[in-house]
Structures are given as C-alpha cells and as structure tokens.
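In what follows, every chain begins at residue 1, and chains take the letters A, B, ... in the order their sequences are listed.
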Amino acid sequence: MVYIAMATGFILILMGLYGALTNSNILRMIISFTIANTGVNVVLVAVGYMHGRTAPILNNAVSVAEASARIIDPVPQALVLTAIVIGLGVTSLMLAYAYKLFVTKGTLDIAKFTELKW
Amino acid sequence: MVKRLTVSLLLVALGLIFTALLLGYTPDSELNQSGRYYAEHTAQDIGAANIVTAIIVTYRGLDTLGEVTVLFLTATIIGLVLKQEQRKHTSKQAQSDSSSELLSTGSRLLIPLILVMGAYVFVNGHLTPGGGFQGGAIIASATLLMLLSDPMRRFSHRLIAIIESISGLFFVLIGLMGIFWAGGFLDNRILSIGEFGSLFSAGAIPIIYSFIGLKVGAEFSSMLVSLSETENS
C-alpha cells in the first residue's frame, strides 16, 4: 500500500517534469508543474503512513491512552497541508505572470521569448 | 530531437534514483520521537482532538503565520501584476453576456450553503479533518461560483482587504496575548482548554483557526477576483 502510493507519487513527479521540460506552451508547463507538485505531496503523505493505523484524530475510536500505538505520523500531514497551500500560491503567481507575458508578447510559446536566450 | 533525448536521459536517471529510494524504503512500525510526543501530549497540553491541527496552530504556529504571510504576499503581487490591465479596459464594461438561468438561480441557492459549510469546516478544525485553510478554500469557491454566474460582477477590493487585514491583525494579537497570559507566542491556553472533544475546547485554537479561515478565504477570493477582472473586462 505504501509502496503503491509512493510509486504513484514518483511517477507523477517524473510525468510533471517531463511535461514541463518538453512542452513549449507556458500554460502546459504550469499544469505540468502542478502535477509534479501533487506527486511530491503524495510521496510525503506516503512516508507518514503506517500499516494498520488510523488518522491522527482522537475520538471514540482512538482513545488518548492508546494514541501513540494507533495513529499514523501527524507531522508529514501537517507539512503537506502547508505545501499544498504554498503550491496553490505559486501556481496562481505563475498564471498571473503567464497572463502578463501573453499581454506583452501576444503568444504563450516559450520559444518566442528570446530576450534571455544565449 | 537532441533536446528530447537529453530530457529523457535526465528523467531516466531521476527515475533510477527514485527506484533506489523506493526499494530501500522500509515503513516505520513505530512512531518516531516527535510523532510520539505529539500523540501523547496533545490531549492534555493542547486539548485538540485533531493532532494535525494542534501541530499547525500551536506547536508550529509560527510556521503557519509565515505561511499565511506567503499567501498574503502572493495575493498582493497578483493584484499588483494584473492591476494596469484593469484600468485600461474599464470603459467597455457594458457588454452583457449573462449566464444561463440554471446557473444564476442555482448559485443563489448554493452560495449561502457553501459559505455555511466553509464556516463549519474552520470552526470545527480542532475536532474534525479540516481547518482554516480548507474552510478558506471552500469560502473562496463561493466567490468563484459568484464570478461564474455573473462574470461582470465587481467585488469590492476594499471589503476583501478589510476582512483580510482585520483577521490577520487579530491572529497576531491573539498570538501576542499568549506571551503575556500563557507560555509563549501563539500559545492556545489563554482560554481554558475545556472539555476534550467539545466545540468550545482547545483554548484559542477555534478562534485562531476562524481568523485564518477568513484570511485565507479573503486572500483566495482576491486572487480569483484579480484574475477574473483581466479577461474581457
């Protein structure tokens, strides 16, 4: 189970990077980056998973006394919550800049932006 | 062709690294030290049923303050980057593409429900899966629905900014109160911890998370509004 989730995450990272490196349309690159971002999050959550344990919420099902034997690691989940929010901020910034580039150049093809080419 | 080959080689190498990582990984059978500390101490120290919330709002509250600041900066930069376009085109707002009857009536029914759902999620963040960021995202989805049903609608940037800055200010003020009346910055024990598992428990966590929810909702809404005002406006 952990291995499947982790392999999925790694494959998503590779797919995202492949898309970001081979596509020349900026919007497609942004979508590829979000796919890679999702892959990183899946891998991080999978690291915290332990077989046969439950979510880190204490209620009738998991009492306070047996918490440390019954719950999965809460730290990666807190990290991923932060990572998701920051990822959304990065994506929206990329979209805003892509719009701005489209307004200045009239195209979203990265090959047409030759100012920084050497 | 050369480029595609280089990219493929690079990704194959990265894939080999990932495979090695995956094959060498053995899942823990025990919680590690920090995880065990949180599992054993959250209930009596913080009083929150959701341990992830206790970590985010109290144990690592300073990180969350930084995270909210990053979001605020993002929303500000997007507003700044997209600002000049709005001013240029404000004259031709008159074009009317009204949305369908189904969408506009349905959104009138759904928007209050979505807002209540968002408030529920961030008020119950210390008891159930959820919290300020998730609730804020749900509230922003109500804004998105409003924008979809009426693309020409103009939101008051001033109102969004006021909600955003007031909730941010109260978040920091509650954190500062922790220095004087409890153990340190963002300590939740300025209010009594209360009965474990009830709505009014876990000290200041529900209040802090509500302000985070409002702030995140306002920030996401301002991003959506800024992005939507660029197109055909």
*Heavy-atom neighbours of Ile4(A) CD1 exceed 12 at 6.0 Å*: no

*Pick one of side chain, backbone, both or neither for Ile13(A), based on which atoms fall under 4.5 Å of a heavy atom in chain B.*
side chain

*asked:* I'd like to know whether CZ of Phe185(B) has more than 12 heavy-atom contacts from other residues, nucleotides or ligands below 6.0 angstrom.
replied: yes

*asked:* To the closest 0.5 Å, what do you measure between CG (Leu11(B)) and CG (Leu17(A))?
replied: 6.0 Å

*Does a sphere of radius 6.0 Å around CZ in Phe170(B) hold more than 12 heavy atoms from other residues, nucleotides or ligands, not counting ones at 6.0 Å or beyond?*
no

*Taking atom CZ of Arg28(A) as the centre, does the number of heavy atoms from other residues, nucleotides or ligands within less than 6.0 Å exceed 12?*
no

*Under 4.5 Å heavy-atom distance to chain A, tell me which part of Leu31(B) shows up: side chain, backbone, both or neither.*
both

*Side chain, backbone, both or neither of Glu219(B) within contact of chain A (heavy atoms, under 4.5 Å)*: neither

*Has the side chain of Tyr25(B) got a donor or acceptor atom that lies under 3.5 Å from a matching backbone atom of Val47(A)?*
yes

*For Leu14(A) and Gly15(B), which heavy atoms make the closest approach, and how far apart are they?*
CD1-CA, 3.8 Å

*asked:* Taking every non-hydrogen pair under 4.5 Å, which of Leu10(B), Asn32(B), Leu21(B) racks up the most with chain A?
replied: Asn32(B)

*Locate the shortest heavy-atom distance separating Leu22(B) from Tyr3(A); write the atom from each residue and the value.*
O-CE2, 3.6 Å

*Side chain, backbone, both or neither: which part of Ile72(A) has an atom under 4.5 Å from a heavy atom of chain B?*
backbone

*Using non-hydrogen atoms and a 4.5 Å limit, figure out which bit of Ile55(B) sits close to chain A: side chain, backbone, both or neither.*
side chain

*Considering only heavy atoms and a distance below 4.5 Å, find which of Val216(B), Thr19(B), Asn50(B), Thr6(B) pairs most often with chain A.*
Asn50(B)

*Indicate yes or no: at least one non-hydrogen side-chain atom of Thr82(A) is less than 4.5 angstrom from one of Asp63(B).*
no

*Nearest 0.5 Å, what's the CD-OG1 distance between Gln77(A) and Thr53(B)?*
10.5 Å

_Approximate separation, where rounding is to 0.5 Å, of Leu14(B) CG and Tyr18(A) OH_ = 14.5 Å

*Give a yes or no on whether Met50(A) atom CE has more than 12 heavy-atom contacts from other residues, nucleotides or ligands under 6.0 Å away.*
yes

*Could you walk me through whether Val75(A) and Tyr37(B) pass the side-chain contact (heavy atoms from CB on, under 4.5 Å) check?*
CA-CA 11 Å; Val75(A) 181; Tyr37(B) 179 86; over 6 Å; no

*asked:* To check you understand the geometry: which heavy-atom pair defines the closest contact between Val52(B) and Pro56(A), and what is its length?
replied: CG2-CG, 3.7 Å

*Inter-residue atom distance Ile78(B).CD1 - Ser92(A).OG, 0.5 Å rounding*: 3.5 Å

*Are Leu81(A) and Gln134(B) close enough that some pair of their side-chain heavy atoms sits under 4.5 Å apart?*
yes

_chain B contact via Arg53(A) - side chain, backbone, both or neither, heavy atoms under 4.5 Å_ = side chain

*Which value, rounded to the nearest 0.5 Å, describes the distance between Leu88(A) atom CG and Phe220(B) atom CZ?*
4.5 Å

*Nearest-0.5 Å distance, NZ of residue Lys3(B) to OG1 of residue Thr22(A)*: 7.0 Å

*Would you name the heavy atoms of Ile57(A) and Thr128(B) that are closest together and state the gap between them?*
CD1-C, 4.1 Å

*Please flag which part of Val85(A) lies under 4.5 Å from any non-hydrogen atom of chain B: side chain, backbone, both or neither.*
both

*asked:* To check you understand the geometry: which heavy-atom pair defines the closest contact between Ile71(A) and Ala39(B), and what is its length?
replied: CD1-CB, 3.7 Å

_Can you confirm whether Phe72(B) is buried at CZ, in the sense that more than 12 heavy atoms of other residues, nucleotides or ligands lie under 6.0 Å from that atom?_
no

*Closest heavy-atom contact between Gly35(B) and Pro74(A)?*
CA-CD, 4.4 Å

*asked:* Please classify the contact of Tyr38(B) with chain A as side chain, backbone, both or neither, using a heavy-atom distance under 4.5 Å.
replied: side chain

*Heavy-atom contact with chain B under 4.5 Å, split by part of Ala46(A)*: backbone

